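Working notes, beginning with the structure itself.
Computed from a predicted structure; not experimentally measured. This chain uses plain numbering: 1 for the first residue, then up along the sequence.
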Amino acid sequence: MALMPYIECMKVTMHIDDELLARVVVATGAASKTAAVDLALREMDRRAELKRLAKEGLGLDAMELKETFESSYDLAASRKTEAPVSYARKSRSH
């Protein structure tokens with residue numbers, strides 16, 4: 001995973017939980033701790049932007065929003081073909 005080119009970069013001393021950082025490196029496949037932190041920060045920024053867009057809306061009315069989806073996409077049909085979700089929990093017998 002390559003880091004995006006930086007326009008501006010600064011060196012910072014931070015106190016970060018070693019185990020948490022190790023898990024993030026593994027989970028993301030980042031090539032370095034710096035790359036993992038960069039990725040985590042970008043992901044949080046992306047999520048914040050999505051929340052802002054969801055809160056403010058896209059400025060579309062219901063019909064305009066409906067028209068933004070592929071006309072051949074059928075949500076109901078798609079849901080019927082999905083396999084039921086299993087959370088690997090044993091069923092309780094009564």
Side-chain angles (χ1 to χ4, degrees):
M1 171 180 294
L3 290 175
M4 295 181 70
Y6 289 101
I7 296 171
E8 194 174 310
C9 187
M10 67 178 161
K11 198 169 198 175
V12 178
T13 300
M14 301 173 74
H15 300 281
I16 300 175
D17 181 310
D18 290 333
E19 291 178 14
L20 174 60
L21 183 55
R23 289 194 308 268
V24 172
V25 169
V26 170
T28 62
S32 68
K33 292 177 182 179
T34 300
V37 170
D38 182 77
L39 181 64
L41 289 172
R42 290 180 190 282
E43 176 61 14
M44 290 307 300
D45 183 54
R46 184 190 70 82
R47 288 181 184 196
E49 182 67 7
L50 287 173
K51 284 181 182 179
R52 185 189 65 76
L53 286 172
K55 184 177 180 180
E56 293 177 9
L58 300 174
L60 303 175
D61 63 30
M63 186 54 79
E64 290 170 324
L65 188 58
K66 185 176 180 180
E67 290 171 357
T68 63
F69 288 93
E70 176 71 30
S71 59
S72 63
Y73 180 72
D74 184 352
L75 179 60
S78 176
R79 286 183 177 165
K80 288 179 185 176
T81 61
E82 289 177 354
V85 176
S86 170
Y87 295 102
R89 190 170 192 182
K90 293 181 180 180
S91 61
R92 296 180 184 180
S93 57
H94 294 272

D45 meets the side chain to side chain contact (heavy atoms under 4.5 Å, CB included) criterion, sequence neighbours left out, with none
Residue set satisfying side chain to side chain donor-acceptor pair (under 3.5 Å) with E56, at least two apart, ordered chain then number -> R52
Using distance only, find each side-chain donor-acceptor pair of residues 19-27 under 3.5 Å and give its atom names and separation, not counting sequence neighbours.
none

Shared ILVMFWY cluster between I16 and M10, side chains joined below 4.5 angstrom? yes
_If you apply the rule side-chain contact (heavy atoms from CB on, under 4.5 Å), what do you find for E43 with R47, and how did you get there?_
CA-CA 6 Å; E43 176 61 14; R47 288 181 184 196; 2.9 Å; yes
Checklist entry - Do E49 and R46 meet the salt-bridge criterion of a basic N to acidic O distance under 4.0 Å? => result no
